[in-house]
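Notes follow the structure.
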Amino acid sequence: METKYVQKVIPSVSTKEYRKLTPWDLRKKVLEDFDEYCRGKVATNLHTGIPIRLDSGRKTAQGEAIYSKKAAVIPKLYELLAYACYSNWGARKDKDPKTVIGYYNFKAYIYIDNKKECVRLAVRAMSNGAFDYSVEVNKRP
């Protein structure tokens, strides 16, 4: 019988420096933090063994809703992707480019302002072997 994978490391962050930023400034900060903490790294997920290359923070910064909790998570994104628990596989969407195969969906926990929060991570599998990510912070674990 296979043992259940449990997230072994739960990082901690604060939203203090992000709370007073405008949405435009939050997007800029996400890109800056991504460049400083993530760009060029490969996070190998311990649950699946999938190597996730962190090439761009643009989708997180510009492609979706932005809020202080989401921005605060970016400096810990590498750790979250490495320790996240695999949830399920999502099929390619009709609007996706033909190079998208589908999505690995993960769940990870992080302490944000000393409260345990659940982070949903979608990792897009591409036909060239690359993996992209997106991130959302839930209000409740």
Side-chain angles (χ1 to χ4, degrees), residues 2-141:
E2 186 179 330
T3 58
K4 183 177 178 185
Y5 177 82
V6 176
Q7 183 178 344
K8 294 168 183 64
V9 173
I10 301 177
S12 181
V13 296
S14 169
T15 60
K16 185 176 180 182
E17 72 176 286
Y18 301 93
R19 280 185 234 145
K20 294 184 180 179
L21 297 178
T22 66
W24 188 87
D25 288 333
L26 273 175
R27 292 179 194 286
K28 185 177 174 186
K29 181 73 171 139
V30 164
L31 291 173
E32 289 169 0
D33 285 352
F34 186 87
D35 285 346
E36 182 176 346
Y37 298 103
C38 303
R39 184 173 301 284
K41 291 185 176 180
V42 176
T44 300
N45 178 262
L46 297 175
H47 190 188
T48 62
I50 295 171
I52 304 160
R53 184 170 187 82
L54 301 171
D55 286 328
S56 173
R58 198 181 71 173
K59 184 172 181 353
T60 299
Q62 299 168 350
E64 304 162 341
I66 192 74
Y67 43 94
S68 61
K69 286 182 180 181
K70 186 183 210 177
V73 164
I74 297 304
K76 300 294 183 176
L77 182 62
Y78 175 85
E79 286 179 79
L80 289 173
L81 287 167
Y83 291 103
C85 298
Y86 173 74
S87 295
N88 59 40
W89 171 259
R92 181 184 162 286
K93 298 172 181 84
D94 290 338
K95 65 180 181 171
D96 286 334
K98 300 286 185 212
T99 55
V100 174
I101 297 170
Y103 297 84
Y104 290 96
N105 295 303
F106 295 89
K107 169 175 80 170
Y109 291 98
I110 187 168
Y111 288 100
I112 301 175
D113 299 329
N114 297 316
K115 291 182 182 173
K116 192 175 185 181
E117 301 273 359
C118 184
V119 177
R120 292 182 305 123
L121 301 156
V123 176
R124 185 168 68 170
M126 306 295 286
S127 60
N128 66 358
F131 295 97
D132 297 328
Y133 76 93
S134 68
V135 59
E136 290 295 330
V137 179
N138 292 336
K139 293 184 177 164
R140 296 257 178 221

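Using cut-offs of 30° and 60° for the angle between ring planes, the Y5 and H47 rings count as parallel.
Residues A122 and N105 approach most closely at CB-OD1, 3.7 Å, considering heavy atoms. Between S12 and I110, the closest heavy-atom pair is N-CG1, 4.3 Å. In this structure, A108 and L121 approach most closely via the heavy-atom pair CB-CD1, 4.3 Å. Across all non-hydrogen atoms, the minimal contact from V13 to A72 is CG1-O, 3.5 Å.
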Start with the C-alpha distance between K29 and D33, add both sets of side-chain angles, then the distance that settles salt bridge (charged side-chain N to carboxylate O under 4.0 Å, His left out), and finish with yes or no. CA-CA 6 Å; K29 181 73 171 139; D33 285 352; 3.0 Å; yes
When the side chains of residues 73-81 are checked against the rest of the protein, which donor-acceptor pairs come out under 3.5 Å, sequence neighbours left out?
none

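A 4.5 Å side-chain heavy-atom check between V119 and K107 finds every atom pair outside the cut-off. Side-chain contact between R39 and F34: present, with at least one pair of heavy atoms (C-beta onward) separated by less than 4.5 Å.
Judged by the 6.0 Å and 45° rule, K8 forms no cation-pi pair with Y83.
Under the side-chain hydrogen bond (donor to acceptor under 3.5 Å, both in side chains) criterion, the residue pairs touching residues 95-104 are D96-Y103, with sequence neighbours excluded.
A 6.0 Å sphere centred on CG of N88 holds more than 12 heavy atoms belonging to other residues, nucleotides or ligands.
Checking side-chain atoms of T22 against main-chain N and O of D25 turns up a donor-acceptor pair under 3.5 Å.
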